[in-house]
Amino acid sequence: MSNSLRHYRREKEMSQLELAKQVGVTRLTISNIETGKTKDPATSITLRISEILGHSVDAIFGSENVNLDKHIPVQREETVK
């Protein structure tokens, strides 16, 4: 999952540790999400990050290939021409 978490966290002048404490996770979890090592973070975490940073989940994490309701990849249908 490509994301803009680092950008929005820095915009708020927050360290990874500060964000992690507010979200209720470890600093390593935030680092792994930012670097893409955690490719599919839990919806509860993405929602909490969104609340703290003041941006939508879509803005921070994108939703192009993810269905956040079911937390599974979305199959794109081809358009019939």
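The model shown is predicted, which means the values in this text are computed figures rather than measured ones.
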> Search all heavy atoms of Thr43 against all heavy atoms of Thr46 and return the closest pair with its distance.
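Looking at all heavy atoms of both residues, the shortest contact is O-OG1, 2.8 Å.
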
> List in chain and number order the residues that pass side-chain contact (heavy atoms from CB on, under 4.5 Å) with Lys21, two or more places apart in sequence or in another chain; answer none if no residue qualifies.
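side-chain contact (heavy atoms from CB on, under 4.5 Å) list for Lys21, sorted by chain: Leu17.
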
> Partners of Thr26 by side-chain hydrogen bond (donor to acceptor under 3.5 Å, both in side chains), sequence neighbours excluded?
Thr29

> Counting C-beta onward and ignoring hydrogens, is there a side-chain heavy-atom pair between Met14 and Ile52 closer than 4.5 Å?
yes

> Say whether, by atom type as modelled, one donor and one acceptor occur between the side chain of Ser56 and the main chain of Ala59 under 3.5 angstrom.
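Yes: the side chain of Ser56 pairs with the backbone of Ala59.
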
> Taking side-chain contact (heavy atoms from CB on, under 4.5 Å) as the test, write out the residues that go with Ile45, two or more places apart.
Val23, Val25, Ile33, Ala42, Ile49

> Which pairs, with at least one residue in residues 5-44 and sequence neighbours excluded, count as a ring-ring contact (aromatic ring centres under 6.0 Å, His included)?
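Listed by first then second residue: Tyr8-His55.
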
> What residue pairs, at least two apart or across chains, pass ring-ring contact (aromatic ring centres under 6.0 Å, His included) with a residue in residues 24-49?
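Passing the test, one end in residues 24-49: no pairs.
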
> So which atom in Gly36 and which in Lys39 form the shortest heavy-atom distance, rounded to 0.1 Å?
O-NZ, 3.1 Å

> Starting at CD1 of Ile60, measure out to CZ of Arg9 and round the result to the nearest 0.5 Å.
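Between Ile60 CD1 and Arg9 CZ, I get 12.0 Å after rounding to 0.5 Å.
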
> Could you give all pairs that pass the ring-ring contact (aromatic ring centres under 6.0 Å, His included) test and reach residues 15-48, with sequence neighbours left out?
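Qualifying pairs, neighbours excluded: none.
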
> So, using side-chain hydrogen bond (donor to acceptor under 3.5 Å, both in side chains) as the criterion, who are the partners of Ser50 when residues are at least two apart?
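Checked Ser50 against side-chain hydrogen bond (donor to acceptor under 3.5 Å, both in side chains); zero matches.
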
> Which residues satisfy the side-chain hydrogen bond (donor to acceptor under 3.5 Å, both in side chains) test with Glu51, sequence neighbours excluded?
Arg48

> Distance-only, no hydrogens or angles: does the Gln22 side chain make a donor-acceptor pair with backbone N or O of Leu19 under 3.5 Å?
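Here the side-chain-to-backbone pair does not exist.
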
> Once rounded to the nearest 0.5 Å, what's the spacing between atom OG of Ser4 and atom CG of Asp58?
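If I round to the nearest 0.5 Å, the distance is 11.5 Å.
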
> Rounded to the nearest 0.5 Å, how far does OG of Ser31 lie from NZ of Lys37?
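Answer rounded to 0.5 Å: 6.5 Å.
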
> Only pairs at least two apart or in different chains count here, so list each ring-ring contact (aromatic ring centres under 6.0 Å, His included) that has a residue in residues 15-51.
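Found none.
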
> Among residues at least two apart in sequence or on other chains, which ones pass salt bridge (Lys or Arg N to Asp or Glu O under 4.0 Å) with Arg6?
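Salt bridge (Lys or Arg N to Asp or Glu O under 4.0 Å) check on Arg6 returns Glu34.
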
